[in-house]
A.B. asks: 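This structure is in structure tokens; I'll ask about it shortly.
Given the structure is predicted, the values throughout are model-derived calculations rather than measurements. Hydrogens, waters and symmetry mates play no part in the numbers below; they use all other heavy atoms, side chains included.
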Amino acid sequence: MKRKKVLIVEDEERMRILIGDYLKSEGFEVVEAVDGAEGIDKFEAQKPDIVVLDIMLPRMDGWTVCRKIREESDIPIVMLTARSEESDELFGFELGADEYVTKPFSPKILMARIKALMNRTLPDEIQALQVGCISIDTAGHTVSIDGKKIELTPKEYELLLYMLKNREIALSREQILDAVWGFDYYGDYRTVDTHIKRLRTKLEHCGEYIQTVRGLGYKFEVNS
């Protein structure tokens, strides 16, 4: 089986080596970049399966790198930062990041989140889902609206799958956060709201299927 490739974009050598060593010990192939511009170059040349991206980088900051990657790809992006402001985290999710890890962090936790992003899929025997005007090819990880493919980030895709599998059930923000982000996630419930808002927009007229349940969370329901 081909090894999964991880691009680490981190200017701090000690941190870059630490993350790289853990990834290699878990069987990943590692590609390194020391600044944002090199990160874009390595992304385009190496075609990684996932990106671990620091925010404070020379030449081009992590926000810009994330935005440029999202213009071309929906691969998982884990952002690293020494800043813990909630506004930074929400901004990262708005740009399309899938995970946001604040330094200092446990390398084991980072590895768990990376592997979770890579492995969260439906069982292989489920090949397709069709609900209303939304069609999902789970083998190809593609989503279509009335036959037209749309681009979702891995976290948006996972969120949509979770809601489709639990359609017509009122789901609390806590349930959604635990199921999609994991029990060890330390972010705010507004992370869910941010992703729901972005997902509704991308689903176009089908976004109305995601209904707000006042005082609780959300429900996916196709009105007849």
A.B. asks: How long is the straight-line distance from CD of Glu26 back to NZ of Lys4, given to the nearest 0.5 Å?
C.D. replies: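 Output value for this atom pair is 15.5 Å.
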A.B. asks: How many angstroms lie between atom NZ of Lys202 and atom OG1 of Thr153, to the nearest 0.5 angstrom?
C.D. replies: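 Separation between the atoms: 5.5 Å.
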A.B. asks: Would a single hydrophobic cluster contain both Val213 and Val192, if residues Ile, Leu, Val, Met, Phe, Trp and Tyr are joined by side-chain heavy-atom contacts under 4.5 Å?
C.D. replies: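 Shared cluster, no.
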A.B. asks: If every non-hydrogen atom of Ala179 is compared with every non-hydrogen atom of Glu158, which pair is closest and at what distance?
C.D. replies: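 It is O-OE2, 3.9 Å.
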A.B. asks: Is Ile145 close to Ile134 at the side-chain level, that is, under 4.5 Å between some pair of heavy atoms?
C.D. replies: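 The answer is yes; the side chains approach within 4.5 Å.
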A.B. asks: Heavy-atom distance under 4.5 Å between the side chains of Ile196 and Met163, does that happen here?
C.D. replies: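 SC-SC contact between Ile196 and Met163 confirmed.
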A.B. asks: Let me check something: do Ile17 and Val51 share a hydrophobic cluster, defined by ILVMFWY side-chain heavy atoms less than 4.5 Å apart, either directly or through other members?
C.D. replies: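 No, Ile17 does not connect to Val51 through the hydrophobic network.
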A.B. asks: Mind checking the CD-OG spacing from Glu44 to Ser73? Nearest 0.5 Å is all I need.
C.D. replies: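 Here the rounded value is 11.0 Å.
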A.B. asks: Checking Glu10 side chain against Glu12 main chain: does a donor-acceptor pair fall under 3.5 Å?
C.D. replies: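 Present.
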A.B. asks: Would a 4.5 Å heavy-atom cut-off, applied to side chains only, mark Ile114 and Met111 as touching?
C.D. replies: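 Result yes, sub-4.5 Å side-chain heavy-atom pair found.
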A.B. asks: Kindly compute the distance separating OG (Ser135) from NZ (Lys149), expressed to the nearest 0.5 Å.
C.D. replies: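 It comes to 10.0 Å.
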A.B. asks: Do other residues, nucleotides or ligands put more than 12 heavy atoms under 6.0 Å from the CD atom of Glu13?
C.D. replies: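 Open.
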A.B. asks: Taking Ile150 as the starting point, is it possible to reach Tyr162 by hopping between hydrophobic residues whose side chains are less than 4.5 Å apart?
C.D. replies: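 Hydrophobic grouping puts Tyr162 with Ile150.
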A.B. asks: Are the side chains of Ile19 and Val6 in touch, meaning some heavy atoms are under 4.5 Å apart?
C.D. replies: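 No; the side chains remain at least 4.5 Å from each other.
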A.B. asks: Could you go through Leu80 and Leu110, starting from their C-alpha distance and side-chain angles, then the distance that decides it, and tell me whether this counts as side chain to side chain contact (heavy atoms under 4.5 Å, CB included)?
C.D. replies: CA-CA 10 Å; Leu80 306 177; Leu110 177 61; 4.3 Å; yes
A.B. asks: Report yes if some heavy atom in the side chain of Arg173 is under 4.5 Å from a heavy atom in the side chain of Tyr218; otherwise report no.
C.D. replies: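 The answer is yes, as the side chains (C-beta and beyond) meet within the 4.5 Å cut-off.
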A.B. asks: Taking all non-hydrogen atoms of both residues into account, name the closest pair between Ala37 and Asp35 and its distance.
C.D. replies: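 Heavy atoms of Ala37 and Asp35 come nearest at N-OD1, 3.2 Å.
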A.B. asks: Could you report the tightest heavy-atom contact between Ile55 and Thr81, atom names first, then the distance?
C.D. replies: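 For Ile55 and Thr81, the tightest heavy-atom pair comes out as CD1-CB, 3.5 Å.
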A.B. asks: Taking all non-hydrogen atoms of both residues, which atom of Lys219 and which atom of Glu168 are closest, and how far apart?
C.D. replies: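 Distance-wise, the nearest heavy atoms are CD-C, 3.8 Å.
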A.B. asks: Return the minimal non-hydrogen interatomic distance between Glu32 and Glu38, and the atom names on each side.
C.D. replies: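 Looking at all heavy atoms of both residues, the closest pair is O-OE2, 4.1 Å.
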A.B. asks: Less than 4.5 Å apart, side chain to side chain, heavy atoms only: is that true for Lys68 and Phe43?
C.D. replies: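 Side chain of Lys68 against side chain of Phe43, heavy atoms only: no contact under 4.5 Å found.
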A.B. asks: Quick one: does Phe105's side chain get under 4.5 Å of Met15's, heavy atoms only?
C.D. replies: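 Result yes, sub-4.5 Å side-chain heavy-atom pair found.
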A.B. asks: Would you confirm whether Gln175, through its side chain, and Leu171, through its main-chain N or O, come within 3.5 Å as a donor-acceptor pair?
C.D. replies: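 Not at all, since once roles are kept as given, no pair shorter than 3.5 Å links the two residues.
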A.B. asks: Any chain of hydrophobic side-chain contacts (each under 4.5 Å) joining Ile69 to Val34?
C.D. replies: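 Each belongs to a different hydrophobic cluster.
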A.B. asks: Check Asp98 with Arg70, please: is the shortest side-chain N to carboxylate O separation under 4.0 Å?
C.D. replies: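 Counted as a salt bridge, because a side-chain N and a carboxylate O are separated by less than 4.0 Å.
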A.B. asks: His205 and Asp146: side chain to side chain contact (heavy atoms under 4.5 Å, CB included), yes or no, with the steps?
C.D. replies: CA-CA 10 Å; His205 60 284; Asp146 294 328; 2.9 Å; yes
A.B. asks: Salt bridge check: are Lys155 and Glu99 linked by an N-O gap of less than 4.0 Å?
C.D. replies: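 Yes, Lys155 and Glu99 are salt-bridged.
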A.B. asks: So if you build clusters from Ile, Leu, Val, Met, Phe, Trp, Tyr with side-chain heavy-atom gaps below 4.5 Å, do Phe220 and Leu216 land together?
C.D. replies: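 Different clusters.
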A.B. asks: Pairing donors with acceptors under 3.5 angstrom, does anything connect the side chains of Asp74 and His141?
C.D. replies: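 No.
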A.B. asks: Measure up the Trp181 and His195 rings against each other and bin them: parallel (under 30°), tilted (30 to 60°), perpendicular (over 60°).
C.D. replies: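 The arrangement is perpendicular - the two ring planes meet at more than 60°.
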A.B. asks: Would you mind checking if Asp54 and Lys103 are paired as a salt bridge, meaning a charged N to carboxylate O distance below 4.0 Å?
C.D. replies: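 Result for this pair is yes, salt bridge flagged.
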A.B. asks: First locate atom SG of Cys66, then atom CG of Leu95, and finally report the distance between them rounded to the nearest 0.5 Å.
C.D. replies: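 It comes to 5.0 Å.
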A.B. asks: At their closest point, which heavy atom of Tyr209 faces which heavy atom of Cys133, and how far apart are they?
C.D. replies: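 Smallest interatomic distance, heavy atoms only, reads OH-N, 3.2 Å.
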A.B. asks: Using modelled atom types and a 3.5 Å cut-off, is there a donor and acceptor pairing between side-chain atoms of Arg200 and backbone atoms of Ile210?
C.D. replies: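 Yes; at least one donor-acceptor contact below 3.5 Å.
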A.B. asks: Start with the C-alpha gap between Val222 and Arg167, add the side-chain angles, then the distance that decides, and say whether side chain to side chain contact (heavy atoms under 4.5 Å, CB included) holds.
C.D. replies: CA-CA 8 Å; Val222 178; Arg167 53 189 177 274; 5.8 Å; no
A.B. asks: Are Ile40 and Val65 close enough, and set up right, to give a side chain to side chain contact (heavy atoms under 4.5 Å, CB included), and what steps lead you there?
C.D. replies: CA-CA 7 Å; Ile40 292 296; Val65 174; 3.9 Å; yes
A.B. asks: Tell me if a side-chain donor or acceptor on Glu94 pairs with a main-chain N or O of Gly96 at a distance below 3.5 Å.
C.D. replies: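 No: the side chain of Glu94 does not pair with the backbone of Gly96.
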A.B. asks: I'd like to check Leu7 versus Gln46 (side-chain heavy atoms, cut-off strictly below 4.5 Å). Are they in contact?
C.D. replies: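 A side-chain contact is absent here, since even the closest heavy-atom pair is not under 4.5 Å.
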A.B. asks: I need the Leu57 CG to Asp11 CG distance, nearest 0.5 Å.
C.D. replies: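 Going from the CG atom of Leu57 to the CG atom of Asp11 covers 5.5 Å.
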